[in-house]
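Just so it is clear: chains get the letters A, B, ... in the order the sequence lines come, proteins before strands, and each one is counted from 1.
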There are 4 protein chains.
Amino acid sequence: MTQIDLVEDRPKLGRKRDPSRDQDILDAALDVLVESGYDGMTVDMVAARAKAGKATLYRRWPSKSALVLDAVACLKAGELDPDTLPDTGTLRGDLVAMIRPPAIRDGERKLRIMSGMVSLLADNPELADAAHAALVEPRAAVNRIFFERAIARGEVAPDIDVEKLILIGPALVSYNVLMLQRPVTREFLISNIDKVILPAAGVRPPPTA
Amino acid sequence: MTQIDLVEDRPKLGRKRDPSRDQDILDAALDVLVESGYDGMTVDMVAARAKAGKATLYRRWPSKSALVLDAVACLKAGELDPDTLPDTGTLRGDLVAMIRPPAIRDGERKLRIMSGMVSLLADNPELADAAHAALVEPRAAVNRIFFERAIARGEVAPDIDVEKLILIGPALVSYNVLMLQRPVTREFLISNIDKVILPAAGVRPPPTA
Amino acid sequence: MTQIDLVEDRPKLGRKRDPSRDQDILDAALDVLVESGYDGMTVDMVAARAKAGKATLYRRWPSKSALVLDAVACLKAGELDPDTLPDTGTLRGDLVAMIRPPAIRDGERKLRIMSGMVSLLADNPELADAAHAALVEPRAAVNRIFFERAIARGEVAPDIDVEKLILIGPALVSYNVLMLQRPVTREFLISNIDKVILPAAGVRPPPTA
Amino acid sequence: MTQIDLVEDRPKLGRKRDPSRDQDILDAALDVLVESGYDGMTVDMVAARAKAGKATLYRRWPSKSALVLDAVACLKAGELDPDTLPDTGTLRGDLVAMIRPPAIRDGERKLRIMSGMVSLLADNPELADAAHAALVEPRAAVNRIFFERAIARGEVAPDIDVEKLILIGPALVSYNVLMLQRPVTREFLISNIDKVILPAAGVRPPPTA
DNA sequence: CGATAAACGAGACGGTACGTCGCGTCTTCTG
DNA sequence: CAGAAGACGCGACGTACCGTCTCGTTTATCG
């Protein structure tokens with residue numbers, strides 16, 4: 001992702017890079033990142049945890065920040081499997097069904113990981129793309145499916161701005177976690193749905209909300 | 001803001017702190033911050049730019065992050081003067097009237113400055129409060145005024161969650177700038193108002209939108 | 001010695017270098033050098049032993065080798081005090097009187113220390129001068145005194161090449177220790193005097209030798 | 001020399017070692033050694049220069065130092081051929097006849113090469129032996145022949161310490177080159193003969209010296 | 001003659017030391 | 001005494017080298 005391969009048809013002499021080292025190192029980097037935070041993380045820590053030499057790391061990534069970003073990019077959990085998505089018959093039902101403790105924890109973890117890297121994104125546009133594809137897009141894709149189902153059902157108008165609506169939730173959560181340092185609770189997520197997302201989608205929330 | 005004064009009644013012996021140095025240093029810090037980013041910024045850079053010694057900086061702020069945060073906190077432009085706020089008679093009119101190129105640029109600059117500090121917030125709750133008070137609250141307060149006017153006018157229902165609504169805009173903008181690295185355009189801000197904020201407030205947007 | 005001072009009349013602002021650190025560091029360097037040898041010695045070891053930061057070392061010496069050489073240059077023991085020199089009345093007596101176990105051990109130690117640095121001398125002529133002044137010259141000066149006394153006594157001809165004669169002993173010892181890795185014994189030193197130095201000086205050695 | 005063959009009766013399967021690589025590598029090692037000095041030399045440099053892989057080097061020599069020592073050991077020029085030795089009829093004539101510009105240059109080159117390895121000798125006694133056999137002994141052997149001739153001629157007493165006398169010259173030269181970093185000149189070598197070696201041998205030097 | 005075992009060039013690997021740079025503190029001198 | 005200048009202890013960074021291991025290829029001997 002971050003290392004650009006310029007070679008065309010080099011005869012590939014010499015020992016090949018062991019691809020399994022990549023994953024070992026990325027795993028180690030994630031572990032250390034979660035435990036120590038970006039600033040507290042050390043390249044030597046990662047190398048030691050992965051039982052690798054520092055040169056092996058720097059042969060693959062040009063800097064600590066590139067390594068960390070790649071590690072985060074590989075976080076994409078498998079929650080986006082369309083077969084396991086809930087299908088409750090209503091947009092609200094689907095959105096609420098996605099609120100599960102494991103998902104909350106996973107999202108909060110991702111966000112805290114991201115927090116150390118926001119400053120890196122400004123200098124590396126392509127890294128921002130990678131982070132987006134890895135962290136944002138999977139969750140947005142789930143929402144996109146829900147909205148498309150709702151449009152097919154006639155539950156929401158077909159001319160709504162789906163791309164904007166699917167980002168409202170992530171945006172509100174990110175803002176609360178990163179900027180306001182508030183925890184993510186089920187109530188907060190449900191109020192986001194009922195008070196912002198559904199109205200924006202033109203859906204009347206249930207009277208109890 | 002961040003520097004806590006523990007002294008009570010020190011006889012203030014010797015030379016007194018030159019208060020003008022504070023502003024010089026903060027200005028220098030902002031300059032360097034904007035030019036080099038948080039990670040690229042050095043305390044020595046700031047001291048040299050302000051023609052100050054490092055000890056003078058550390059006598060006033062306990063760390064680089066505190067200094068930077070204070071510098072950012074001083075960015076709060078005077079736009080929140082209630083007398084200069086637009087009053088167009090409609091909620092949408094007020095919100096749209098706040099979209100002015102200088103404000104956009106200023107906000108975008110603040111956010112990019114903030115980007116380097118997101119990681120600091122996680123470790124320093126009080127810094128998070130300070131950042132919130134300095135950067136988020138002023139803009140939120142303006143929105144709060146608009147919403148309260150709209151409630152007084154009967155334009156929106158009095159039971160809406162004002163505190164949540166006033167943060168939708170900042171959240172969407174932050175997310176787009178920091179996470180997605182997208183520029184802030186007038187169209188984007190207006191679509192936020194018409195497609196998210198106003199529906200969430202229960203106000204029917206104009207048919208042209 | 002190794003750090004060349006280019007300044008002329010700089011106003012000497014800021015904190016001064018603590019000269020006592022120089023000695024602490026040199027002492028630590030010598031300790032580590034003797035314990036671990038040149039190749040086994042680490043800059044971090046020296047810094048840790050001296051309770052100094054690596055930057056403090058590198059502020060004073062441009063490299064590990066320069067530091068080590070300076071440390072060795074400071075080895076000059078005070079054995080060359082003219083007042084404590086033996087004066088036996090004969091050249092041979094004086095030379096033999098200098099053969100004392102402590103001096104042998106000290107000389108052997110110096111040589112072993114030097115062994116790690118011979119390669120450094122080739123690249124740094126001025127360092128070679130320093131090493132010579134510190135390690136060779138003191139011993140040579142003692143010999144010079146003995147020969148001048150002998151000349152004054154009429155024991156040796158006044159036209160002998162004193163500068164060459166005073167180096168025969170050090171040269172033979174160095175060669176045996178460094179090249180041949182042989183130990184320095186009293187017998188070896190005495191045979192040097194009787195079989196090489198005295199004949200070269202035109203003095204008939206005693207019949208027992 | 002340095003590589004010890006432990007095999008007994010291995011069926012010598014597979015491809016055999018190409019003996020020509022040995023010399024290529026040693027030549028490359030010497031080139032790099034002379035150009036860069038011992039510390040500046042890298043194993044990769046040698047391998048690249050010899051168009052060999054590092055494994056090929058390490059299959060033949062256990063370490064960089066062993067390789068270098070072997071390379072130096074192969075420097076032994078053919079000057080020790082007894083048939084080509086001068087035979088002038090006097091000890092001084094023979095010794096002086098060995099002073100030829102090519103020999104001076106060769107000796108100086110050897111010594112500078114040796115300078116990088118002195119530190120290795122302390123840790124590797126067997127390497128010291130090898131170095132001695134390769135670099136010292138050939139020259140000493142020539143001197144030994146000269147002295148034995150002189151004894152046979154009755155020019156010197158038969159009870160002199162030949163083994164010590166033959167090392168005076170090498171010792172003085174080594175000391176001047178390695179320690180004092182002085183060049184080797186014809187005058188220096190002749191004065192060694194006339195002022196040190198011949199007196200030590202009990203031979204009266206010519207009155208002109 | 002084909003299989004097999006080892007040597008070969010190339011270069012990735014784990015490890016370790018180097019020399020640099022940044023942070024936050026301490027020291028010296030000047031106003 | 002505050003303040004500018006800068007040295008200090010500490011520790012992470014990114015580089016370079018050593019000696020080993022792994023590729024794919026070449027070469028010699030064995031079955």
Side-chain angles (χ1 to χ4, degrees), chain A residues 10-18 21 39-45 47-48 50-65, chain B residues 12-18 21 39-45 47-48 50-65 67, chain C residues 10-18 21 39-45 47-48 50-65, chain D residues 10-18 21 39-45 47-48 50-65 67:
Chain A
R10 191 156 43 92
K12 324 198 300 171
L13 282 174
R15 178 175 176 177
K16 308 291 166 39
R17 283 193 194 169
D18 182 351
R21 307 309 290 122
D39 289 336
M41 178 177 65
T42 289
V43 177
D44 290 86
M45 285 184 197
K51 292 199 176 306
K54 269 204 294 183
T56 300
L57 273 72
Y58 281 100
R59 206 175 288 122
R60 291 165 154 80
W61 296 275
S63 67
K64 171 185 171 183
S65 52
Chain B
K12 48 186 200 163
L13 286 174
R15 178 173 171 180
K16 286 162 196 153
R17 278 194 197 169
D18 181 351
R21 307 306 292 124
D39 289 337
M41 179 177 66
T42 294
V43 177
D44 292 84
M45 283 185 197
K51 291 204 170 304
K54 274 202 296 178
T56 302
L57 273 72
Y58 280 99
R59 209 175 287 122
R60 289 166 156 82
W61 296 275
S63 67
K64 170 186 172 181
S65 52
L67 164 63
Chain C
R10 189 156 44 93
K12 323 200 299 172
L13 283 174
R15 177 176 176 177
K16 306 291 166 43
R17 282 192 193 169
D18 182 351
R21 307 308 290 122
D39 289 336
M41 179 177 66
T42 290
V43 177
D44 291 85
M45 284 183 197
K51 292 200 174 304
K54 269 202 296 181
T56 300
L57 274 71
Y58 281 100
R59 207 176 288 120
R60 290 166 156 80
W61 296 275
S63 66
K64 170 187 172 182
S65 51
Chain D
R10 187 158 42 94
K12 51 185 197 163
L13 283 175
R15 177 175 172 179
K16 285 161 194 156
R17 281 193 195 167
D18 181 352
R21 306 308 291 123
D39 289 337
M41 178 178 67
T42 39
V43 177
D44 291 85
M45 282 185 198
K51 289 202 171 307
K54 275 203 295 180
T56 301
L57 273 73
Y58 281 99
R59 209 175 286 120
R60 290 166 157 81
W61 295 274
S63 67
K64 170 186 171 182
S65 52
L67 164 63

Closest non-hydrogen atoms of M45(D) and M41(D), given as atom of the first, atom of the second and distance, are SD-CA, 4.3 Å
Donor-acceptor pair, distance only, cut-off 3.5 Å: does the side chain of R60(D) make one with the backbone of L67(D)?
no
Please report the shortest heavy-atom distance between G53(D) and A47(D), naming the atom on each side.
C-CB, 4.3 Å
If I take atom CG in residue L13(D) and atom P in nucleotide dA6(E), what distance separates them, rounded to the nearest angstrom?
6 Å
Any donor-acceptor pair under 3.5 Å from R21(D) side chain to L57(D) backbone
no
At under 4.0 Å between heavy atoms, how does the protein contact nucleotides 14-19 of chain E? Give one character per nucleotide, 5' to 3', with B, S or -.
BB-SSB
Among residues at least two apart in sequence or on other chains, which ones pass salt bridge (charged side-chain N to carboxylate O under 4.0 Å, His left out) with D44(B)?
K54(B)
Would you say dT25(F) has OP1 or OP2 under 4.0 Å from some side-chain N or O of R15(A)?
no
Rounding to an integer number of Å, can you tell me how far R60(B) CZ sits from dA2(F) P?
10 Å
